[in-house]
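Presented below is the structure to which this report refers.
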Number of protein chains: 2
Amino acid sequence: MSEPVDTRTAILDAAERLFSVRGFAATTIKQIGAAAGVNSALLYYYFADKETLYREVLGRLLTGLIAAGGKAFDEAHSPEEAIRSLVRAQAATLASTPFVPRLIARELVDNDASHATQHITKLAAEIFTRLCEMIREGQRAGIFRSNLDPQFAAISTISQMVYFHIARPAVGIILGHGTAGPPPDTARAFARHAADFAIAALTAPPSAIPRTPSPTRSRSRMSRRKA
Amino acid sequence: MSEPVDTRTAILDAAERLFSVRGFAATTIKQIGAAAGVNSALLYYYFADKETLYREVLGRLLTGLIAAGGKAFDEAHSPEEAIRSLVRAQAATLASTPFVPRLIARELVDNDASHATQHITKLAAEIFTRLCEMIREGQRAGIFRSNLDPQFAAISTISQMVYFHIARPAVGIILGHGTAGPPPDTARAFARHAADFAIAALTAPPSAIPRTPSPTRSRSRMSRRKA
DNA sequence: GTCTATAGGTGGATAGAC
DNA sequence: GTCTATCCACCTATAGAC
């Protein structure tokens with residue numbers, strides 16, 4: 001994280017930052033070498049080529065994320081607490097490394113020429129299915145609404161923190177902090193909100209949902225014509 | 001959208017698709033020319049350089065999105081209906097042009113070397129503030145919970161559909177459809193879910209929120225130690 | 001308006017000295 | 001292990017014929 005001992009780590013650190021900020025295609029080998037304080041040709045001593053280096057960066061990153069997410073679940077003792085814990089872990093991880101979420105976002109977006117399919121699959125398996133299971137458990141216990149798809153609910157829950165950090169500049173503008181993005185305490189406040197928002201949506205009694213002129217559970221997708 | 005009449009539009013269409021799928025840096029002028037069915041040198045007759053072309057693509061796109069979002073609000077007659085209408089509009093726009101959300105995602109992520117700050121600002125002003133105002137209106141009317149930051153709630157609401165489409169491959173894996181992403185009917189189902197999820201979170205009575213051993217409104221951020 | 005040809009520059013990757 | 005020097009491919013952009 002600071003003053004890496006060996007050259008290999010220095011290169012990985014520099015590459016992680018540059019790939020995150022500029023993207024794979026826009027980052028050059030020479031830039032990485034310069035940022036790592038070594039000659040660019042040296043990269044080929046440690047890594048086969050640019051793409052291999054990129055994959056190693058991704059692997060290191062996602063492995064850490066999976067571990068952090070798993071830990072969050074291990075510490076929880078109830079479905080609700082698990083969700084709060086996960087959102088908190090998301091917020092902590094994303095906030096501590098401002099450029100990491102960008103790299104993941106790029107990877108998701110670039111996924112046609114996918115580099116990290118296996119890691120994403122693992123992330124899905126480890127974190128996501130556990131979150132789904134937590135939601136199902138809450139439903140069985142009667143704490144959470146049963147008329148809710150657990151998988152969809154899990155996506156909605158996770159999406160909030162991810163979006164907040166990925167769309168950082170846009171969120172900054174929206175909240176009136178400029179393109180630099182919101183300050184850390186706003187990020188923490190949003191993390192608390194995100195957990196509350198998800199819990200509220202999960203625990204709301206079914207009667208509280210549809211009670212307006214708009215068609216809610218009807219199959220028709222036509223919105224009412226102007227009267 | 002299909003068989004464009006003039007060359008300029010053909011180039012813009014081809015560029016939109018390629019920039020979306022591969023990103024700005026990874027897309028070459030020659031690829032765009034080939035995809036548009038014209039010689040690559042011709043691009044410089046219509047556009048000053050690659051970056052200008054990119055900006056025009058973005059402008060065309062975001063202008064359309066802003067218009068679609070505004071229309072969604074105009075058709076609504078209640079705060080709840082407005083939210084459903086907006087989520088529906090999001091889903092329709094994102095689904096009809098599968099590669100567009102990626103381009104926007106890239107732009108958000110790439111925002112350090114920002115190309116679209118002005119457009120994002122406008123999008124924020126036009127859509128986001130209207131959504132916030134709708135939420136406030138619902139709060140005043142007693143339909144929505146008052147112990148909720150309208151801006152945060154707006155972000156949470158919007159994040160769901162955006163994340164679903166941006167993280168398409170990951171979502172596909174998660175839901176068991178493979179990296180190609182979820183089929184259209186799953187996307188539609190999620191859109192209905194997203195609106196419900198947001199409305200449920202907004203309308204839940206305050207009493208329904210904190211009722212577990214975990215510290216909820218207390219200031220302490222320490223999670224309970226293992227017993 | 002659309003093409004051919006090409007200049008000018010940069011990037012990924014290798015050879016080989018130290 | 002780390003560096004210098006360099007090759008080759010390819011990319012942006014321009015010049016100019018048609």
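Proteins come first, then strands; the chains are lettered A, B, ... in the order of their sequence lines, and each starts at number 1. We use all heavy atoms of the structure for the numbers below, so side chains are in, but hydrogens, waters and symmetry mates are not.
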Sugar-phosphate only, base, or nothing, as touched by A:Thr7 at under 4.0 Å among non-hydrogen atoms: sugar-phosphate

Sugar-phosphate, base or nothing in reach of B:Ile29, heavy atoms under 4.0 Å: sugar-phosphate

Of the candidate nucleotides [options], which contains the atom at the shortest distance from the side chain of [X]?
X: A:Tyr45; options: D:dG1, D:dC3, D:dT14; answer: D:dG1
X: B:Lys50; options: C:dT2, D:dA13, D:dA5; answer: D:dA13
X: A:Ala41; options: D:dA5, C:dA13, D:dA13; answer: D:dA5
X: A:Thr28; options: D:dC11, C:dC3, C:dG12; answer: C:dG12

According to a strict under-4.0 Å criterion, is [X] in side-chain N/O contact with OP1 or OP2 of [N]?
X: B:Tyr44; N: D:dA13; result: yes
X: A:Tyr46; N: D:dT2; result: yes
X: A:Lys30; N: C:dG11; result: no

To the nearest Å, how far apart are [X] [atom1] and [N] [atom2]?
X: B:Glu51; N: D:dC11; atom1: CD; atom2: C1'; value: 16 Å
X: B:Phe47; N: D:dT12; atom1: CZ; atom2: P; value: 15 Å
X: A:Asn39; N: D:dT2; atom1: CG; atom2: P; value: 11 Å
X: A:Leu53; N: C:dG11; atom1: CG; atom2: C1'; value: 15 Å
X: B:Gln31; N: D:dT12; atom1: CD; atom2: C1'; value: 13 Å
X: B:Ile32; N: D:dT12; atom1: CD1; atom2: C1'; value: 11 Å
X: A:Leu42; N: C:dA13; atom1: CG; atom2: C1'; value: 14 Å
X: B:Asp49; N: D:dT14; atom1: CG; atom2: C1'; value: 13 Å

Least distance between heavy atoms, A:Gln90 atom then A:Val162 atom: NE2-CG2, 3.5 Å

A:Thr117 versus B:Ile173, closest heavy-atom pair with distance: CG2-CD1, 4.1 Å

4.5 Å side-chain heavy-atom contact, A:Ile199 and A:Glu81: no

Heavy-atom check, side chain of A:Val100 versus side chain of A:Leu94, under 4.5 Å: no

Pair A:Phe164 + A:Phe190: ring centers closer than 6.0 Å: yes

